[in-house]
Novice: 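Below you'll find the structure I mean.
Atom set for the values below is all heavy atoms of this structure, side chains included, hydrogens, waters and symmetry mates excluded.
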Amino acid sequence: MISFYIFKFFEFILFLFPAKSRRTFFLLLSRIVYAVDKKHKRVIRQNLEFAFDESLSDEKIESIGRGCYDNLLLIVLQVMENHHSSVETIGNDVELVNLEVVNLAKKQKRPIVFVTAHYGNWELEGAVISGTISTSNSVYKALKNSYFDTYLLEARERYTMKLYEKRGAIRHLNKAVKNCESVSLMIDQNVKEKDGIIVKFFGKDIRQTPAPAFLARKYSALIIPVLIHPNNNGYAITFYDAIEVDHSDDAQADVLKATQAQAAWLEDEIRRTPEHWFWCHRRFKAEYPEIYKK
């Protein structure tokens, strides 16, 4: 509780300064954290060497690592910003690219399963999509500290997000898609054997959640990949071409095909700008735990 109130005091002081100064401060803070956090720097290197087959130079790994930390600290700032913004203002500095894909799905009265990742400013992405485009239903993992957990939930729910704890969430997601509501799911986390299916990601066999493909096939929904990137004016949220799930006699094959398509899309985007992804997460630990024992 004490740590939370210290945080709130820090937030109060921080928001006495203009937005540009807050951003500059957090980018400076990210350099300090990156310099002292040896544990997660090691995980970043392990992930990068494994994913890119040790083809990256030390300089490139350092550059990606610094970019990863910049992104993470700006995420913390964004959660605070979301508390001080509103539905009316949240998307003012955000460009929407290829929104026609979403509009077409709405015109066809198709439910939408947005798939995204811990990439770029995902907290801003979620707030803009749910607050201005389509109220979304999503899954979250509760934080250990109940005060910070409530704080984070409030920052998301003020933009009409409907959030469900991971255990039992599939029931709520089924109901949402059945009612033609949108669902937003992260597809880039490590998953347990019982929760995932094997796909190729960076040329490696890994498990990924089949939930988006399962929901889309069951309710004839469209899977729309989406990511957020910084640009000269702020940020751009890009909606990629929809993934249509087959309805053959082999449901398992249909789900696998659509899940692999999501993995391939995400890999392509990460390869383009790797510094925006969440490399400090042990993404490959379920299938390749040995890479984290070096």
Novice: Might you confirm whether atom CD1 of I2 has over 12 heavy atoms from other residues, nucleotides or ligands at distances under 6.0 Å?
Specialist: no
Novice: When you measure from the side chain of E267 to the backbone N and O of F202, does any donor-acceptor pair fall under 3.5 Å?
Specialist: yes
Novice: Between OG1 of T160 and CD1 of I133, what distance do you get to the nearest 0.5 Å?
Specialist: 11.0 Å
Novice: Is the NZ atom of K8 crowded by more than 12 outside heavy atoms at less than 6.0 Å?
Specialist: yes
Novice: Under 3.5 Å, side chain of N137 to main-chain N/O of V183, donor-acceptor pair present?
Specialist: no
Novice: Locate the shortest heavy-atom distance separating F52 from L56; write the atom from each residue and the value.
Specialist: CD1-CD1, 3.6 Å
Novice: Would you please indicate yes or no on a ring centroid separation below 6.0 angstrom for Y69 and H40?
Specialist: no
Novice: Does either side chain, that of D70 or that of Y34, offer a donor lying less than 3.5 Å from an acceptor on the other one?
Specialist: no
Novice: Check whether any side-chain N or O of N121 sits under 3.5 Å from a backbone N or O of P230 as a donor-acceptor pair, and report yes or no.
Specialist: no
Novice: So, are K144 and D149 salt-bridged, with charged N and O less than 4.0 Å apart?
Specialist: no
Novice: Would you say D241 and N98 make side-chain contact, with heavy atoms under 4.5 Å?
Specialist: yes
Novice: When hydrophobic residues are tied together by side-chain contacts of less than 4.5 Å, even through go-betweens, does F25 share a cluster with L77?
Specialist: yes
Novice: Would you call K200 and D205 a salt bridge, using N to O less than 4.0 angstrom?
Specialist: yes
Novice: Checking W277 against D188: is there a side-chain donor and acceptor pair closer than 3.5 Å?
Specialist: yes
Novice: Sub-3.5 Å donor-acceptor pair from the side chain of H247 to the main-chain atoms of R217, do we have one?
Specialist: yes
Novice: Looking at every non-hydrogen atom in both residues, tell me the closest pair between V177 and A221 and how far apart they are.
Specialist: CG1-CB, 4.1 Å
Novice: Do you reckon I187 sits in the same ILVMFWY cluster as L163, going by side-chain contacts under 4.5 Å, direct or chained?
Specialist: no
Novice: Please check if any side-chain donor atom of N71 sits under 3.5 Å from a side-chain acceptor atom of H276, or the reverse.
Specialist: no
Novice: Does some side-chain heavy atom of L73 sit less than 4.5 Å from a side-chain heavy atom of L27?
Specialist: no
Novice: State whether the number of non-hydrogen atoms from other residues, nucleotides or ligands found under 6.0 Å of F4 atom CZ is greater than 12.
Specialist: yes
Novice: Say whether I6 and L14 are linked into one hydrophobic cluster, either directly or through other cluster members, by side-chain heavy-atom distances under 4.5 angstrom.
Specialist: no
Novice: Check side chain to side chain donor-acceptor pair (under 3.5 Å) between R22 and all other residues, then give those that pass, not counting sequence neighbours.
Specialist: E81
Novice: Do the rings of F50 and Y288 sit parallel, tilted or perpendicular, given the 30° and 60° boundaries?
Specialist: tilted
Novice: To the nearest 0.5 Å, how far apart are CD1 in I197 and CZ in F214?
Specialist: 12.0 Å
Novice: Within the structure provided, determine whether K166 and K141 are in side-chain contact (heavy-atom separation under 4.5 Å).
Specialist: no
Novice: So which heavy atom on L96 is nearest to which on L99, and how close?
Specialist: CD1-CD2, 4.0 Å
Novice: Does anything in residues 105-115 pair up under side chain to side chain donor-acceptor pair (under 3.5 Å), and if so which pairs, sequence neighbours excluded?
Specialist: R110-E244
Novice: Quick one: CD on Q260 to CD1 on I198, what's the gap to the nearest 0.5 Å?
Specialist: 10.5 Å
Novice: Between W279 and L48, is a side chain to side chain contact (heavy atoms under 4.5 Å, CB included) present by the stated rule, with each step listed?
Specialist: CA-CA 8 Å; W279 288 102; L48 286 168; 3.6 Å; yes
Novice: Hey, does N233 have a side-chain heavy atom less than 4.5 Å from the side chain of E95?
Specialist: no
Novice: Any donor-acceptor pair under 3.5 Å linking the side-chain atoms of T24 with those of S21?
Specialist: no
Novice: If we only count heavy atoms from C-beta on, is the V79 to Y151 side-chain gap below 4.5 Å?
Specialist: yes
Novice: Given side chain to side chain contact (heavy atoms under 4.5 Å, CB included), test V97 with Y240 step by step and report yes or no.
Specialist: CA-CA 9 Å; V97 180; Y240 297 79; over 6 Å; no
Novice: Of all the heavy-atom pairs spanning A258 and A213, show the shortest one and how long it is.
Specialist: CB-CB, 3.8 Å
Novice: With sequence neighbours excluded, tell me which residues meet side chain to side chain donor-acceptor pair (under 3.5 Å) with D250.
Specialist: none
Novice: Has Y119 got a side-chain atom pairing as donor or acceptor with P274's backbone, closer than 3.5 angstrom?
Specialist: no
Novice: Are there more than 12 heavy atoms of other residues, nucleotides or ligands under 6.0 Å from atom CD of Q252?
Specialist: no
Novice: Are the side chains of I90 and L124 in contact, using a 4.5 Å heavy-atom criterion?
Specialist: yes
Novice: State yes or no: do V76 and L29 share one hydrophobic cluster built from I, L, V, M, F, W and Y residues joined by side-chain heavy-atom distances below 4.5 Å, directly or via other members?
Specialist: yes
Novice: Are the charged groups of E157 and K162 less than 4.0 angstrom apart, N to O?
Specialist: no
Novice: Could you tell me which non-hydrogen atom of T259 sits nearest to which non-hydrogen atom of P210, and how far apart they are?
Specialist: OG1-CA, 3.9 Å
Novice: So H229 and Y235, ring pair (Phe, Tyr, Trp, His ring centres under 6.0 Å) or not? Walk me through it.
Specialist: CA-CA 6 Å; H229 298 86; Y235 286 95; 9.6 Å; no
Novice: Going through the checks in order, is the ring pair (Phe, Tyr, Trp, His ring centres under 6.0 Å) test met by F148 and F7?
Specialist: CA-CA 9 Å; F148 284 105; F7 167 79; 5.4 Å; yes
Novice: Measure the shortest side-chain to side-chain distance between V113 and I224 over non-hydrogen atoms and say whether it is less than 4.5 angstrom.
Specialist: no
Novice: Just do the side chain to side chain contact (heavy atoms under 4.5 Å, CB included) check on E154 and H83 with the steps written out, would you?
Specialist: CA-CA 8 Å; E154 288 175 350; H83 269 276; 3.7 Å; yes
Novice: Between CH2 of W122 and CG of L227, what distance do you get to the nearest 0.5 Å?
Specialist: 12.0 Å
Novice: Measure the spacing between NZ of K175 and OH of Y164 and express it to the nearest 0.5 Å.
Specialist: 7.5 Å
Novice: Carefully, step by step, assess I206 and R283 under the rule side chain to side chain contact (heavy atoms under 4.5 Å, CB included).
Specialist: CA-CA 9 Å; I206 64 153; R283 177 62 181 95; 3.0 Å; yes
Novice: Does D53 pair with K204 as a salt bridge, N-O distance under 4.0 Å?
Specialist: yes
Novice: Strictly distance-based, threshold 3.5 Å: is any side-chain N or O of T132 a donor or acceptor partner for the main-chain N or O of I129?
Specialist: no
Novice: Which pair of heavy atoms, one from K192 and one from R207, lies closest together, and at what distance?
Specialist: O-CD, 4.0 Å
Novice: Are side-chain N/O atoms of S63 and E275 paired as donor and acceptor at under 3.5 Å?
Specialist: no
Novice: Does S138 use its side chain to pair, donor to acceptor, with the backbone of L185 at less than 3.5 Å?
Specialist: no
Novice: Could you tell me whether a side-chain N or O of T116 sits under 3.5 Å from a main-chain N or O of V226, the two making a donor and an acceptor?
Specialist: yes
Novice: Looking at R272 and E269, is any side-chain nitrogen of the basic one under 4.0 Å from a carboxylate oxygen of the acidic one?
Specialist: yes
Novice: Hydrophobic clustering (ILVMFWY, side-chain heavy atoms < 4.5 Å, transitive) - are Y147 and L153 grouped together?
Specialist: no
Novice: Going by distance alone, is a donor N or O of one side chain under 3.5 Å from an acceptor N or O of the other, for T135 and S130?
Specialist: no
Novice: Could you tell me whether the side chain of Q78 and the main chain of E123 form a donor-acceptor pair under 3.5 Å?
Specialist: no
Novice: For G234, is there any backbone N or O sitting under 3.5 Å from a side-chain donor or acceptor partner on D93?
Specialist: no
